[in-house]
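For reference, the structure is listed below as structure tokens.
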Amino acid sequence: MHTAHRLLAAVALTGAAALGLTGCLSSEPFPGQPASRVLNDSVTALRGASTFTVAGTTSSQGIPTQVNLSISGTGDCKGTMSAQSGGNIEVVRTRDHTFLRGDEAYMLAQTKDMPEDQAGRARKEMSGRWMRTDASDPALKGLTSLCDRDGLLKELYSIQAAEKGALTKIDGQEAVTINTPEGVFLAATKGEPFLLRVTTSGANTIDLAFTGINQPVQVDVPADKDVYDPNKNG
């Protein structure tokens, strides 16, 4: 599954089954517009939003990952994600820097193969602190892509063989189901036709919802005293 694999492969997001929505349309949404155009328009509308939150689960090679990130068009990003190695990571990203802070379970997973004296020092030094790197650090390319609004959504264009399905509601919003070989998509039928959900199945599944559209996002940069800079400390 080309689109599903590339959408969030770097952070191994996914998990969750397809929506399985059924039923008949009470009235056709977007009359006269093919489903592929409705889907493209929904992605375009979401890309045009000033902010949105992406939340849900994905899986890669059977390993589930959870994500909850608020993303702005200016490049700011904050939230949490689970790590395949274990534990959870807090994320704060600005145009210049990316800050990561793992919980205790994450630190234990990262240091489990180190000699105990080194592991103890590392856990003590990093406990409760943020690691700061340049936003352009190639080691964080996957996370950078995930926090990039355009990069996250661009693979959802030009999906073929789309068909309109049932009307449904998600978080109180009416949406039309769009069924494709790539997966199931939900697009808002009232107001701006924002993309509201993506669900795929297969080897690398995705179940992600898009909420908080155009809601303000405040990204607070961690104080220097709470930051560990590997370029200075390691």
Would you call [X] and [Y] a side-chain contact if the rule is heavy atoms closer than 4.5 Å?
| X | Y | result |
| --- | --- | --- |
| Ile213 | Leu196 | yes |
| Asn88 | Tyr106 | no |
| Phe52 | Leu195 | no |
| Pro29 | Leu167 | yes |
| Phe185 | Val43 | no |
| Val217 | Asp76 | no |
| Pro64 | Thr57 | no |
| Ser36 | Gln160 | no |

For [X] and [Y], indicate whether the former's side chain and the latter's backbone hold a donor-acceptor pair under 3.5 Å.
| X | Y | answer |
| --- | --- | --- |
| Asn40 | Tyr157 | no |
| Lys190 | Gln173 | no |
| Thr200 | Glu182 | no |
| Asp137 | Ala139 | yes |

I need the minimum non-hydrogen distance between [X] and [Y], along with the two atoms involved.
| X | Y | value |
| --- | --- | --- |
| Pro181 | Ala161 | CD-O, 3.7 Å |
| Ile170 | Ala175 | CG2-CB, 4.3 Å |
| Lys164 | Ala35 | N-CB, 3.6 Å |
| Ala109 | Ser85 | CB-O, 3.1 Å |
| Pro216 | Thr51 | N-OG1, 4.5 Å |
| Ala45 | Glu192 | CB-OE1, 4.1 Å |

Atom pair [atom1]/[atom2] of [X] and [Y] - distance to nearest 0.5 Å:
| X | Y | atom1 | atom2 | value |
| --- | --- | --- | --- | --- |
| Arg149 | Ser50 | CZ | OG | 8.0 Å |
| Leu152 | Leu208 | CG | CG | 8.0 Å |
| Met107 | Lys112 | CE | NZ | 14.0 Å |
| Phe30 | Ile178 | CZ | CD1 | 7.5 Å |
| Ser72 | Asp148 | OG | CG | 10.0 Å |
| Asp134 | Asp96 | CG | CG | 8.5 Å |

Problem - Side-chain donor-acceptor contact under 3.5 Å, Thr65 with Ser82 - result: no

Exercise for the section: May I ask you to check whether Gln66 and Asn68 show a side-chain donor-acceptor distance below 3.5 Å? Expected result: no

Handout entry: Positive for side-chain contact (heavy atoms from CB on, under 4.5 Å) with Leu100, one of Met81, Met131, Arg93
Key = Met131

Exercise for the section: Mind running side chain to side chain contact (heavy atoms under 4.5 Å, CB included) on Leu156 and Leu39 for me, showing each step along the way? Expected result: CA-CA 8 Å; Leu156 298 181; Leu39 178 55; 5.8 Å; no

Handout entry: Ion pair check, Arg132 and Asp226, cut-off under 4.0 Å
Key = no

Exercise for the section: Identify the residue among Asp207, Thr177, Asp171 that makes a side-chain hydrogen bond (donor to acceptor under 3.5 Å, both in side chains) with Arg197. Expected result: Asp207

Exercise for the section: Kindly check if the number of other-residue, nucleotide or ligand heavy atoms within 6.0 Å of CD (Glu104) is above 12? Expected result: no

Handout entry: Contacts of type side chain to side chain contact (heavy atoms under 4.5 Å, CB included), residue Glu90, not counting sequence neighbours
Key = Thr80, Arg101, Trp130

Handout entry: Gln110 and Arg123: CA distance, side-chain angles, deciding distance, side chain to side chain contact (heavy atoms under 4.5 Å, CB included) verdict
Key = CA-CA 9 Å; Gln110 293 300 304; Arg123 289 194 291 266; over 6 Å; no

